[in-house]
Amino acid sequence: MNEELQPPGERHADPQPAQLDAGPSGPRSVDVLIPLCLSLFFLILVMWSEAWALSILTDSGAIPGLYWRLIWPLFFLGAAALFPFRARMVFLGISGLFLTGLAVVDAAYFRFFGSVPSLESAGTAGQLWGVRDSVIALISGFELALFVPYSVFFIAAAYAPRIVHSNPSHARSELLRIRGLTAALLFAAAFGNNVKAWRTPIIEQTHHIKESDWVMPADHWGSRYSRATKAATFGLFTFHYSDLMGYMKEAPADRSLEPYQLHIIDQVLDAKKNLNDLATPFFGLANGRRIIVIQLEAVQHWVLGLEVDGVPAMPNLDRLRKSALSWDYIMDITATGRTSDAEFAVMTGLLPDARLRTLGLGTKAQSPQYLGRILRSKGYRLASYHGYKRSFWDRAYNHPFYGIAEMYFEEVYDTSETLGLGVPDPFVYDFMVDKLEDEREEKSLSLMISLSSHHPFIYTPEEYNSHFASLDPHEGWGLVGPYLRSVRYSDDALGAFLDQLEERGLLEDSLLVIYGDHDMGFVGLDRPVPGSDRIASHAGEDRVPLVIAIPGQEELIAKQGPEHTDATGGLHDLLPTLLHLLGEEAPRGIVGTNLLVPDRYRGAVPLPPGIDGRVFAFRHNLIFEKSGEVLPIEAGQPVPTHGPTVDQAYLDQLVSQALKDHPEAATRAPAETPAPEHVASN
């Protein structure tokens with residue numbers, strides 16, 4: 001070896017065999033090229049497996065932009081750069097297997113559930129053994145072959161000395177500096193891609209009105225309401241990272257409830273059970289009937305009985321409610337979940353979770369009780385019908401939780417026509433009535449989730465343009481005109497469905513339940529709608545219609561109905577109401593109260609907190625915490641001289657949250673948890 005190149009003190013030493021093989025003291029070009037090629041190979045494999053899985057989620061092959069897809073491969077390469085070559089190859093092999101396995105699991109899960117798995121849904125993993133044949137069928141030989149290329153990294157690790165030159169004369173500190181610098185550059189590239197991704201507009205193809213289809217990622221509407229859409233927008237690995245951070249943030253450090261909390265839960269549940277056990281003339285009136293539940297999208301109470309320029313907004317629902325049980329004070333209790341919150345309330349008898357844990361982002365619809373499961377135990381068949389994707393609000397995951405075994409989404413209806421988000425309501429009704437006729441002898445509950453009156457209400461057919469034309473958006477009416485046209489279209493579809501039921505002899509032995517899920521979603525209209533004294537944005541108008549028709553029982557309803565339909569309530573009260581009509585006892589473990597129990601016996605209805613702080617409804621009035629104002633929901637209503645405090649009113653909300661987190665708290669024996677002394681003494 002050239003003496004000028006040898007360290008001091010070693011210039012006259014005999015060369016060692018290992019040094020003779022080593023060559024120059026610095027790394028050879030091949031020693032840099034091979035790790036670089038293997039790193040590039042890892043980058044391509046991971047990005048390709050993610051793109052393949054995303055093409056299944058989107059059905060069209062569309063995948064997120066390059067910035068989103070580079071973040072995680074660069075991050076793992078940066079972490080790998082900190083290790084020596086052999087350990088680096090093992091790390092990349094294991095990391096690649098993990099990321100590709102995640103993509104394969106996501107694709108298989110999507111084929112079965114129409115969504116992607118979250119940590120919240122991991123609790124259902126034990127159910128997979130029962131459907132193991134289906135799970136195996138969802139994974140193809142091609143997908144198993146995706147794991148094979150990662151064997152290259154383990155082979156490279158096994159033959160490391162032969163592949164990459166090991167030079168002991170190359171100072172360890174210098175090697176560490178090179179690896180550290182490489183890792184820092186890769187981490188910086190990953191971070192830079194993340195920053196750039198969040199600052200780059202992305203396509204937003206939804207039904208919302210906007211000036212452009214390009215929005216900032218933080219404003220992407222669809223990703224808030226579907227795990228599959230969120231993964232397809234930001235990438236699988238970014239979705240799972242976000243899911244992990246959200247789960248860790250929301251998971252309480254101590255999941256157990258304190259004794260005093262259990263005592264309060266017992267008090268609330270016992271009080272609800274006592275109210276739900278009260279007798280009314282309607283107990284068992286609908287026993288043995290098929291149940292048809294129709295959830296009308298964004299239909300509010302103020303449209304009932306409304307006519308503008310001689311055109312009624314909902315003539316069919318108005319006609320039906322004249323001979324049915326109908327409530328005027330059912331408040332919109334939905335929070336961030338909106339439509340999914342309404343479904344949750346109806347199916348569980350709990351108030352929706354006002355915390356930022358929407359069902360659409362993968363939280364389990366946990367509850368001590370489920371309407372669907374109760375009815376299935378009584379021999380009912382349950383089915384749901386919806387004209388949109390199974391992934392929206394994760395219905396293919398949450399509906400089985402409720403006890404709904406049969407689910408029908410956009411792909412089953414015999415049409416390629418769409419209106420707004422999905423299949424128009426008439427096609428869903430036609431499919432549903434055919435199913436009901438085929439299974440007319442069975443006890444069943446059919447849930448139809450309507451769609452055609454969805455925001456922004458601009459998709460109605462041309463023949464509806466003449467309706468409510470005087471409510472011009474350019475004259476300060478906002479979306480009221482389009483909204484009423486959408487509502488009228490939905491009502492016409494409902495009327496045609498009711499006519500079909502009657503023509504086929506299915507109406508007389510049915511129990512019809514029709515309600516609006518939430519408000520129309522806009523405010524600021526500070527004048528009454530023509531033909532009405534109601535202002536749509538008024539706080540007291542944040543109500544939804546509820547109509548329960550029992551054909552053949554019109555005489556009893558006309559005689560006894562008015563006394564038993566004055567309740568101030570919410571959709572969480574529907575579960576015990578339906579069971580009461582069917583002649584079934586309401587279970588312990590719900591906070592809903594039978595709506596046939598008169599208002600004078602009922603407690604307050606807590607509403608989701610808003611800009612006005614906490615607000616609750618009590619005996620046809622709204623009570624505001626901040627101002628202390630008591631606002632009659634409708635003019636002329638008496639203002640209660642006494643009532644619950646705000647904290648008392650919100651117990652139902654807090655107990656609902658506790659039962660969603662700890663459903664076992666309702667099924668344990670109350671005697672197991674005696675009241676603490678400071679509670680018992682009060």
Side-chain angles (χ1 to χ4, degrees), residues 257 261-280 282-289 291 293 333 341-353 359 364-382 398-405 443-445 447 511 513 515 546 548 564 567 569-597 601-603 605 651-673:
L257 291 170
Q261 293 174 311
L262 291 169
H263 177 70
I264 292 172
I265 290 172
D266 288 339
Q267 286 184 319
V268 171
L269 296 184
D270 289 344
K272 299 295 182 181
K273 187 70 171 69
N274 290 337
L275 283 173
N276 286 326
D277 285 345
L278 291 177
T280 81
F282 301 95
F283 182 77
L285 198 62
N287 183 34
R289 294 185 180 230
I291 309 165
V293 180
I333 57 170
D341 280 352
E343 293 174 34
F344 176 82
V346 170
M347 287 292 166
T348 64
L350 299 180
L351 285 159
D353 200 334
L359 298 180
K364 291 181 287 189
Q366 288 197 134
S367 171
Q369 305 290 347
Y370 301 92
L371 177 62
R373 296 188 188 186
I374 294 170
L375 293 179
R376 280 178 61 181
S377 69
K378 309 291 182 183
Y380 281 77
R381 178 187 63 83
L382 283 93
N398 279 317
H399 279 201
F401 240 101
Y402 299 142
I404 300 173
K443 291 196 298 184
S444 64
L445 182 146
L447 170 64
L511 170 66
V513 182
Y515 62 87
L546 172 60
I548 300 180
H564 292 274
L571 292 178
H572 63 305
D573 297 318
L574 193 51
L575 185 154
T577 308
L578 285 178
L579 291 178
H580 186 82
L581 290 169
L582 295 173
E584 301 289 345
E585 182 180 341
R588 189 177 188 275
I590 60 175
V591 300
T593 305
N594 176 12
L595 288 166
L596 294 162
V597 172
Y601 300 123
R602 306 173 65 85
V605 181
L651 271 183
D652 285 4
Q653 184 69 265
L654 296 174
V655 169
S656 291
Q657 292 176 4
L659 292 178
K660 186 174 183 295
D661 294 337
H662 309 275
E664 71 284 353
T667 55
R668 47 170 259 293
E672 293 176 12
T673 310

- prompt: Can you pull the salt bridge (charged side-chain N to carboxylate O under 4.0 Å, His left out) pairs that have at least one residue in residues 572-581, sequence neighbours excluded?
  reply: D573-R602
- line: D277 meets the side chain to side chain donor-acceptor pair (under 3.5 Å) criterion, sequence neighbours left out, with K273
query: Does K443 offer a backbone N or O that forms a donor-acceptor pair with the side chain of K378 under 3.5 Å?
result: no
- request: Sequence neighbours left out, what passes side-chain contact (heavy atoms from CB on, under 4.5 Å) with P368? Give chain and number order.
  value: L350, L659, P663, A666
message: Test side-chain contact (heavy atoms from CB on, under 4.5 Å) on L574 and L371; report intermediate values, then the result.
response: CA-CA 10 Å; L574 193 51; L371 177 62; over 6 Å; no
task: Quick one: list whatever passes salt bridge (Lys or Arg N to Asp or Glu O under 4.0 Å) with R289, sequence neighbours left out.
output: none
query: Considering residues at least two apart in sequence or located in another chain, which fulfil the side-chain contact (heavy atoms from CB on, under 4.5 Å) criterion with Q653?
result: L351, A354, P606, Y650, Q657
message: side-chain contact (heavy atoms from CB on, under 4.5 Å) for L654 and Q261? Distances and angles first, verdict last.
response: CA-CA 10 Å; L654 296 174; Q261 293 174 311; over 6 Å; no
query: Which residues satisfy the side-chain contact (heavy atoms from CB on, under 4.5 Å) test with I291, sequence neighbours excluded?
result: V293, L375, Y380, L445, L511, L582
message: So, using side chain to side chain donor-acceptor pair (under 3.5 Å) as the criterion, who are the partners of N276 when residues are at least two apart?
response: none
- prompt: Do I265 and L257 touch side chain to side chain, with heavy atoms closer than 4.5 Å?
  reply: yes
- prompt: So, the side chain of R376 versus the backbone of I404: is there a donor-acceptor pair under 3.5 Å, distance only?
  reply: no
field: Gap separating the CG atom of D353 from the CG atom of D661, nearest 0.5 angstrom
entry: 7.0 Å
- prompt: Can you name the side-chain contact (heavy atoms from CB on, under 4.5 Å) partners of L651, sequence neighbours left out?
  reply: I264, V268
- prompt: Is any side-chain heavy atom of L575 less than 4.5 Å from a side-chain heavy atom of Y370?
  reply: no
task: Output all residues satisfying side chain to side chain donor-acceptor pair (under 3.5 Å) with H572, sequence neighbours left out; order by chain, then residue number.
output: none
- request: Look at the rings of H564 and F282 and say which category their plane angle falls in: under 30° parallel, 30 to 60° tilted, over 60° perpendicular.
  value: perpendicular
query: Should M347 and L447 count as side-chain neighbours, where that means a heavy-atom distance under 4.5 Å?
result: yes
query: side chain to side chain contact (heavy atoms under 4.5 Å, CB included) with L278: which of L596, T593, V597, N594?
result: V597
field: Pairwise distance CD1(I333) to CG(D341) - rounded to 0.5 angstrom
entry: 8.0 Å
query: Are L571 and P352 close enough that some pair of their side-chain heavy atoms sits under 4.5 Å apart?
result: no
- request: Over all heavy atoms of both residues, which pair between E343 and H399 is shortest? Give the atoms and the distance, please.
  value: OE1-NE2, 2.8 Å
- request: With sequence neighbours excluded, tell me which residues meet side chain to side chain donor-acceptor pair (under 3.5 Å) with Y515.
  value: Q295
- prompt: How long is the span from the CD atom in E584 to the OG atom in S377, to the nearest 0.5 Å?
  reply: 8.0 Å
- line: Between R588 and D270, the two heavy atoms sitting closest are NE-OD1, 3.1 Å
message: Run the ring pair (Phe, Tyr, Trp, His ring centres under 6.0 Å) test against F283 and tell me which residues pass, sequence neighbours left out.
response: H580
